[in-house]
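By convention in this document, chain letters (A, B, ...) are assigned in the order of the sequence lines, proteins followed by strands, and residues within each chain are numbered from 1. Computed from a predicted structure; not experimentally measured.
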Amino acid sequence: MATLKINGKKIIAPEGATILEAARKHEMQIPTLCSNEALKPYGACRLCIVEVSKNGRTTIETSCTYPAEEGIEVKTDSVRVMEGRKLIVELYLARCPNVKIIRELAEEYGVKESAPQMGKDNDYCILCGLCVRACNEVVKAGAIQFAGSGINKIVDSPFHKTAEDCIACGSCAFICPTGIIKKNDLPATSVCTPESCTSTGAQREILNWQVEHKLKVCTKCGNPYAPEPHLQKITRQYNFLPEFFNICASCRQYPVVDEEKCLGCGGCMENCPIGALELEDRGGYDKKAHVFTENCTACHTCEDYCPTRAIS
Amino acid sequence: MVYDLAIVGAGPGGLHAAKWANKKGLKVAVIEKRKDISKITRYCSEHIILDEDYNGDTIKVDTAAGKIISTKNGWEVNYAGEFCPVTDKYYYSPKQYAVHFAWPDGRPFAYKYGKGTLLKGLLEECLALGVTYITETTAYDATDSPSGVELKCVSKAKKFKIQAKKLIIADGASAQLALKLGRNNERAYFGFALVLAVYMSNVETYKPSDWKGWWGRCYGTNLAPLMGTGPEGHFDLADFIILGSPKEPPEKTFEFFTQKGPMAFMFKNAKIEAKHCCLTKAFSPIKNPAKGNTIIIGDAAAFVETQAQGALSCGFRAADAIAKELDGKSSFEEYNQWWLKAFEFNDAGMLRVVSGYALIPTYTDDEIDYLFSLCHGHALEGSWSQYKSPKMMWDLILKDPEKIQRERPEVWEKINAKVTRTLSDSISK
């Protein structure tokens, strides 16, 4: 626990929190481009700068990496901070003049003209690293990385070839603030010539990493819903049954126990292939089956094994 | 942490194996799904069967000392609960001709006991010996690992793994782990039966020492309704057992039998005290239950059931086999040989004998009346065994074949056509 002041307001921040976290918890706005709750602080975009006064000295710091220390005083919108942010936006505008989110920031901070361009005109990647970090930290696929340095720094697949470790989950495209990662879900197609027809199932392509993967088709509704390698990875990671992903999330209907009919014999529990059922003991003969939906694969095996037809 | 032996299932087989393996100095972990095993939720008829050489053993019961004693395998289990002797068994036809099984001197051929009490005692013994008991946990998969066996477990949606050198699977008739290990591939699946058991008070003609069954379409079902002794502590209640299938739900049969059937008079003042149910799967038995690092014991490897006494013998033998294996002496083959010899269901001929119970609808009610009338008035020797009883019954029916040929040629034809119905026809898949 640490007590600090942000914009003159006394705030108690939990252990290990950063200034950004403490401020946002109290609904104080600090703009960011490279921060995400699911990822470790990175400090790349510099937009979150604030003024920190500590022991009589005042410095400009990135609030996403600076810990909310005891006794410090923080200003999120002082003149120095606003001027600094404006400069950063000018630099972004010089690099990525056509990216929507940058243009919006420019408007917000009254930036009319960009800084002089330095060899990079009209780029779309702001090098925030969200895609790389999501791929490594959350998905744990490690399919993409930064390559090059200085003005040649880019995000890329290894050796600018097909990213072999990519599972086409699409997290990179989802998290990218500029929308430069191109992920397309292609419907099933068949190409027919007078000689023969070749059909390809539904696929997902991510153009940036030169990846193309089959989409798994739900056995119930028949709709393609997620790339196969992605589902395989989750199946391995969480010990799911191989059949778990045969049905898509919207078709997954978890069994419901009719407590009036349930006599608590445990037939469902004994036959559940994944141990997702157990008996709730309510004293005496009163026992009812209970489904843990966290594990349940909605295979409905239990339904078949209920002597009183209490599960559906 | 690597256990010497992991046991899945804390039933009579699993706990008995745990007890003896621990006594042989092994580090044992028992994994059980339920919270409290002393409360039996899955319906069980709970009998100790005294038939000679039944399930490869002759069991003696010392009611005064509270002991169940195996005379052939050499184990003894303490039991702190009550026993109720079962002395008479009747199979009734529609017109109340009865096939009667009893010993002339009136001694029991089975004892009703309390499985919960038995398990509670066994568990307490195991815990006192220092067996690790992991409760409310399902072992849902097993794979070979460098240390022997790796068990994948789940408890309240949390997953973890348990390592052990050897594994005993005692997860009962649903045989889930055997399925995961691919050991059910070699087995024939006959189907399953739904069982509804109703404990009732004030049932007329009910005697705690009787076991009754009613054969005939007029009773509302192809699978004979049965009436036995109530649960331990309530031997005054009748335990009414109905088998069925999804198409012939046991609740419906129960309603018909107690309200409209020929025996409805028994239930005029009867009151339902409690209901239980279960689902029984029938597989053909596993021929080599001990294989690799694993022994599958008890019901998990059996045709329908080994009964508690069979499971106790399995646990006892399996603990011995595992201890020897860990000592470097190969003994799994010995266990397999014992398994094949001890249990009647491993004999294909015996399975055919069991289908001798499937009288309906091969025979009409009138024909069953005739067949049972041939037995009426004779007392067959006291036997519980589901293998020995139908054989004795048919032997008595066929004592005078010429008489049947003369009196009822059409019945004789059916008998000669052998029982063509198989078990799978009687129960649902």
- Check each atom of B:Leu179 against the heavy atoms of chain A and say whether the ones under 4.5 Å are side chain, backbone, both or neither. neither
- Message: Working to the nearest 0.5 angstrom, can you tell me the gap between A:Cys265 SG and A:Leu279 CG?
- Response: 8.0 Å
- Portion of A:Glu278 that has a non-hydrogen atom of chain B nearer than 4.5 angstrom: side chain
- Item | Heavy-atom proximity to chain B below 4.5 Å, by part of A:Cys272 | backbone
- By a 4.5 Å heavy-atom criterion (distance strictly below it), what part of B:Ser174 contacts chain A: side chain, backbone, both, or neither? both
- Query: Between B:Asp299 and B:Thr306, does any side-chain donor sit less than 3.5 Å from a side-chain acceptor?
  - Reply: yes
- How about B:Phe303 and B:Phe190: are their ring centres within less than 6.0 Å of each other? yes
- Indicate whether the side chain of A:Gln210 and that of A:Ser157 have a donor and an acceptor atom separated by less than 3.5 Å. no
- Quick one: list whatever passes side-chain contact (heavy atoms from CB on, under 4.5 Å) with A:Cys135, sequence neighbours left out. A:Ala141, A:Ala143, A:Ile144
- Is there a donor in the side chain of A:Arg24 and an acceptor in the side chain of A:Thr32, or the other way round, less than 3.5 Å apart? yes
- Select all residues of residues 142-150 of chain B having any heavy atom within less than 4.5 Å of some heavy atom of chain A, and report them by number, or 'none'. none
- Message: Using the rule side chain to side chain contact (heavy atoms under 4.5 Å, CB included), only one of A:Lys214, A:Glu212, A:Lys183 pairs with A:Arg204; which is it?
- Response: A:Lys183
- Query: Cut-off 3.5 Å, side chains only: do B:Glu248 and B:Thr253 have a donor facing an acceptor?
  - Reply: no
